[in-house]
S.K.: 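Input: one structure, supplied below.
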Number of protein chains: 2
Amino acid sequence: MAGIEGDDSATVSGSTLGYALLSLLTRGPATGYQLTQQVKAPLGHFWTARHSQIYPELARLSAAGWVDSVEQAGPGPRAKKTYAVTPAGLAALRAWLVIPPTAQPRSEITLKAYAATSADPAAMAALYTDLADRSTRLLAEYEQDAARMRAAGQDDPAHPRFGNYAVLMMGVESQRAVHRWARWLASCLRTGRPVAYGEAAD
Amino acid sequence: MAGIEGDDSATVSGSTLGYALLSLLTRGPATGYQLTQQVKAPLGHFWTARHSQIYPELARLSAAGWVDSVEQAGPGPRAKKTYAVTPAGLAALRAWLVIPPTAQPRSEITLKAYAATSADPAAMAALYTDLADRSTRLLAEYEQDAARMRAAGQDDPAHPRFGNYAVLMMGVESQRAVHRWARWLASCLRTGRPVAYGEAAD
DNA sequence: AGTTGACATGTCAGAAGTTACATAGTGAGG
DNA sequence: CCTCACTATGTAACTTCTGACATGTCAACT
């Protein structure tokens with residue numbers, strides 16, 4: 001109830017996805033389809049959503065008065081809708097942003113490491129070697145993107161897309177962390193003996 | 001169907017939570033209550049579940065023949081059940097472990113960073129300063145745990161609880177990454193100007 | 001002329017996860 | 001004696017997320 005029917009109580013309501021969409025819309029109006037594309041990168045490195053989740057959520061945001069939409073004739077059987085954040089939506093986003101989040105991260109690859117001793121060591125070592133390789137590739141990709149952004153002045157907190165740069169930098173840090181860890185773990189499993197951290201060989 | 005009715009097909013079925021519980025049970029038989037405690041640390045840093053999710057999942061694992069249970073008279077209105085992995089359960093776990101995971105991580109704090117420019121800079125800077133402090137505390141805690149484990153020989157891949165150590169090391173890497181990133185971001189937001197990575201002051 | 005891929009919007013069933021409700025014994029401390 | 005915390009197991013309602021189903025246009029390539 002609170003906050004979802006146009007009242008201006010300070011109560012924060014709405015799902016995390018709703019705020020993610022509002023964040024995307026602060027970069028300019030967009031259609032549901034465009035938002036679906038935009039949750040791929042760099043946001044997609046830390047938050048994803050399918051279109052089947054996005055369209056209903058946009059309807060909810062619209063009902064709450066947090067976004068406006070204009071319809072144009074588009075391809076396909078239905079009208080194309082372009083959404084934009086309303087002042088109420090922006091206020092709601094600003095209120096949500098400064099609340100410290102509590103959600104714990106979930107990582108399936110780390111969960112698998114927890115049971116590493118139950119599996120075939122060679123197969124598990126291969127799994128973490130692949131992960132290390134993948135993180136190397138991703139890291140190179142992210143660093144290139146970061147350099148491009150810096151050249152465009154996007155590393156300035158005053159730049160309207162500074163958030164993209166901030167998320168990308170978290171991606172860089174994460175991949176560095178994953179790389180070091182995966183390499184160490186693969187080394188442990190391959191040799192079958194304790195390996196000091198930082199001494200993992202390729 | 002496949003894999004859930006006692007057939008020994010190579011097909012992997014079951015939820016991630018099911019495999020997480022099997023992983024815990026490879027460390028020895030446990031009750032649902034004990035499993036609820038054990039998903040707190042170190043596994044809880046990367047995977048969590050409430051008892052309301054664990055009890056039904058144990059019932060499903062039992063129906064699939066992946067775990068066995070023995071009942072003892074316990075406190076409270078119901079019998080206490082102690083679960084143990086069956087050979088079929090262990091085989092299922094081993095098959096699942098070597099499949100490369102695909103799930104993307106989710107991080108609410110990174111999502112908030114994406115919209116950082118929409119919020120009050122001072123409030124956002126405080127949020128990331130707090131995060132940096134929290135990661136410092138966690139890191140110290142994790143490093144202590146890691147030292148204790150190393151002293152107990154748990155850093156040896158042959159040790160039955162090597163997985164605990166591996167997960168903890170991911171925790172260490174993650175907190176280091178979060179710390180560096182949060183400090184940098186807070187610095188950016190506080191000064192309002194681009195800050196080179198690695199040059200963020202406290 | 002036919003196929004593929006991008007554009008574009010939606011629904012539905014089910015899985016996964018959270019919060020709250022419900023019950024009951026035991027031991028420690030006030 | 002009372003309360004609190006821990007042990008212990010379950011259910012119910014609800015939210016969130018995924019995967020599949022459903023429709024239709026337009027441009028490029030074969």
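Throughout, a chain's letter reflects where its sequence line sits, starting with A, and its residues are numbered from 1.
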S.K.: Separation of A:Q34 atom CD from C:dA6 atom P, in whole Å?
M.R.: 16 Å
S.K.: Using a distance-only test with no angle check, is there a side-chain donor-acceptor pair under 3.5 angstrom linking A:R150 and A:Y165?
M.R.: yes
S.K.: If I take atom NE2 in residue B:H51 and atom P in nucleotide D:dC6, what distance separates them, rounded to the nearest angstrom?
M.R.: 15 Å
S.K.: Is any side-chain N or O of A:Y55 closer than 4.0 Å to OP1 or OP2 of C:dT9?
M.R.: yes
S.K.: A:S52 near the nucleic acid: base, sugar-phosphate alone, or nothing, with a heavy-atom cut-off under 4.0 Å?
M.R.: base
S.K.: Counting the benzene-type ring for Trp, do B:W184 and B:Y128 have ring centres under 6.0 Å apart?
M.R.: no
S.K.: How far apart are the C-alpha atoms of B:Y142 and B:H45, what are their side-chain angles, what is the distance that settles it, and do they pass the side chain to side chain donor-acceptor pair (under 3.5 Å) test?
M.R.: CA-CA 11 Å; B:Y142 293 177; B:H45 306 323; 3.1 Å; yes
S.K.: C:dT19 phosphate, OP1 or OP2: any side-chain N/O from B:R50 under 4.0 angstrom?
M.R.: yes
S.K.: Would you indicate, yes or no, if D:dG10 has its OP1 or OP2 atom less than 4.0 angstrom from a side-chain nitrogen or oxygen of B:K81?
M.R.: yes
S.K.: Reading DNA chain D from 5' onward, which residue's closest nucleotide shows up sooner: B:A79 or A:W47?
M.R.: B:A79
S.K.: Would you mind telling me which of D:dG10, C:dC7, C:dG10 lies closest to the side-chain atoms of A:P75?
M.R.: C:dC7
S.K.: Counting only side-chain nitrogens and oxygens, does B:R106 get under 4.0 Å of the OP1 or OP2 atom of D:dC17?
M.R.: yes
S.K.: Between B:Y114 and A:R27, is there a cation-pi geometry (under 6.0 Å to ring centre, at most 45° from the normal)?
M.R.: yes
S.K.: Counting only side-chain N and O atoms of B:Q53, is one of them less than 4.0 Å from OP1 or OP2 of C:dA16?
M.R.: no
S.K.: Check every strand shown and say whether B:G32 touches a base, only sugar-phosphate, or nothing at a heavy-atom separation below 4.0 Å.
M.R.: sugar-phosphate
